[in-house]
Amino acid sequence: MTQTLTILGLESSCDDTAAAVVRQTGDAPAEVLSSVVFGQTELHSAYGGVVPEIAARAHAGKLDICVIEALKEAGVTLKDLDAVAVTAGPGLIGGVMSGVMCAKGIAAATGLPLIGVNHLAGHALTPRLTDGIAFPYLMLLVSGGHCQYLIVRGPEDFTRLGGTIDDAPGEAFDKTARLLGLPQPGGPSVQAEAENGDPKRFRFPRPLLDRPDCNLSFSGLKTALMRMRDQIVAEKGGLTRQDRADLCAGFQAAVVDTLAEKTRRALRLYLDENPASPTVAVAGGVAANTAIRAALQDVCAEAGATFTAPPLRLCTDNAAMIAYAGLERFRSGARDGLDLTARPRWPLDQSSPALLGSGKKGAKA
Ligand code: KG4
Ligand code: ZN
């Protein structure tokens, strides 16, 4: 039987208030009928980071408007929906609670089933929404708050192979930009500078490459950068445009090499399981980096695996990924009650030991 499912998704775990409607008929490709995102960047810009209280209040004030807009854009009403899915964690607890309360209100008023979704599962399942790729696939999630390798086996079946033990790569790009006086977000500005720089002039460390596992560390890069910057300033009294470009190029080359080598190792573990159609997917804001993408593509080509990256608007925080992850859970029979709770911490792979810093730094996931 080819059942059509139409799911409303809500996302409010960090600084984006989002609502979306996703539809799928049987095994046909899922369709994003609408995806509305209200960012909060300007509310937090004066504070140098996301302020949880401000974020929670803004979510509470905008969620209903966001839902109305998403339904309107999709051309559906609440009566056309089969369920309402909501990010139930991990994230900033006030924001997650705002979303969960809003979804519960809709479920209570309409009688629609409620589905709690793990935000990271939303990111990890996005390549199925955009490209319909089959389980199991290898996922590299790289954002401002996260960095992990996952074998995705099913909508609720993830094995973490490794991840960062301190900073996430996006955080490292942002800090590098701050240290060099470049604009935020740091990723795009560092990438642009690096294009005119010599990656060999400064030698940055390649952390944890001496260890055989898939764990990564990025906080040492920032310390190395600070030392190099201070040395140039001490010698010459300031940084030239070329110094800045060379520092960015050296830093980016270190991130690229580290991610490429750890991806090689993660791929080996994944390929040992003989997946029918080996696929590596990447998601998160850092996936926008063209040097990182190119390196990952090469690593996949070497190993005979397909490389895929969702379009950026679905790589960064959005509610279409939550609606889709909810749809997959709904299909597998999962339902949550009105006692669904918001969880600030919620690792995808509950059986692997917690990493030191993974997911504990940076507001975003
Ligand atoms: O996924 P995202 O929008 O938010 C979360 O962290 O969840 O990712 C934002 C991060 C920021 O740290 C930003 O600097 C980084 O992604 N980023 C990049 C690039 N574009 C965005 N990092 C490296 N190169 C880029 N081109
Ligand atoms: Zn996220």
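For clarity, every value in this text was computed on a predicted model and none was experimentally measured. In listed order, ligands and their atoms are each counted from 1. We're numbering straight along the sequence, starting at 1.
Contact atoms of ligand 1 toward Gly284: 1 (O) (distance under 4.0 Å to a heavy atom of the residue). For ligand 1, the atoms lying closer than 4.0 Å to a non-hydrogen atom of Gly145 are 6 (O). Atoms of ligand 1 lying under 4.0 Å from at least one heavy atom of Gly186, given by number and element, are 14 (O). Contact atoms of ligand 1 toward Gln191: 24 (N), 25 (C), 26 (N) (distance under 4.0 Å to a heavy atom of the residue).
Taking only nitrogen or oxygen atoms, main chain and side chain alike, Gly170 reaches within less than 3.5 Å of ligand 1. Checked by distance only, ligand 1 and Pro185 stay at 3.5 Å or farther apart across all their nitrogen or oxygen atoms. The shortest N or O to N or O distance between His123 and ligand 1 is not under 3.5 Å. On a distance-only criterion, Asp174 and ligand 1 share at least one N/O pair closer than 3.5 Å. For ligand 1, the polar-atom distance check finds an N/O of Gly285 within less than 3.5 Å of one of the ligand's N/O atoms.
Partner Glu193 forms a side chain to side chain contact (heavy atoms under 4.5 Å, CB included) with one of Leu182, Thr176, Asp246 and no other, that one being Leu182.
Look at His119 and the Zn ion (ligand 2): an N/O/S atom of the residue is under 2.8 Å from the metal. Among the backbone and side-chain atoms of His146, no N/O/S atom is found under 2.8 Å from the Zn ion (ligand 2).
The option with the heavy atom closest to atom 3 (O) of ligand 1, from among Thr316, Val255, Asn318, is Thr316.
Remark: the Arg313 side chain and the Ser35 side chain contain no N/O donor-acceptor pair separated by less than 3.5 Å. A donor and an acceptor atom, one from each side chain of Gln191 and Ser189, are nowhere located under 3.5 Å apart. At a cut-off of 3.5 Å, with distance as the only test, a side-chain donor of Asp349 or Ser351 sits close to an acceptor on the other residue.
Taken together through direct or relayed side-chain contacts under 4.5 Å among Ile, Leu, Val, Met, Phe, Trp and Tyr, Val190 and Leu180 form part of one hydrophobic cluster. Residues Met321 and Leu141 share a hydrophobic cluster, clusters being chains of Ile/Leu/Val/Met/Phe/Trp/Tyr side chains in contact below 4.5 Å.
Of the charged side-chain nitrogens involved, at least one lies within less than 4.0 Å of a carboxylate oxygen, so that Asp167 and Lys175 count as a salt-bridged pair. Salt bridge annotation for Arg264-Glu302: present, with a cationic side-chain nitrogen under 4.0 angstrom from a carboxylate oxygen.
Taking OG1 of Thr306 as the reference point, atom OH of Tyr137 lies at 14.0 Å (rounded to 0.5 Å).
Looking at Asp317, its N, O or S atom nearest to the Zn ion (ligand 2) turns out to be OD1. Summary: NE2 is the N/O/S atom of His123 found nearest to the Zn ion (ligand 2).
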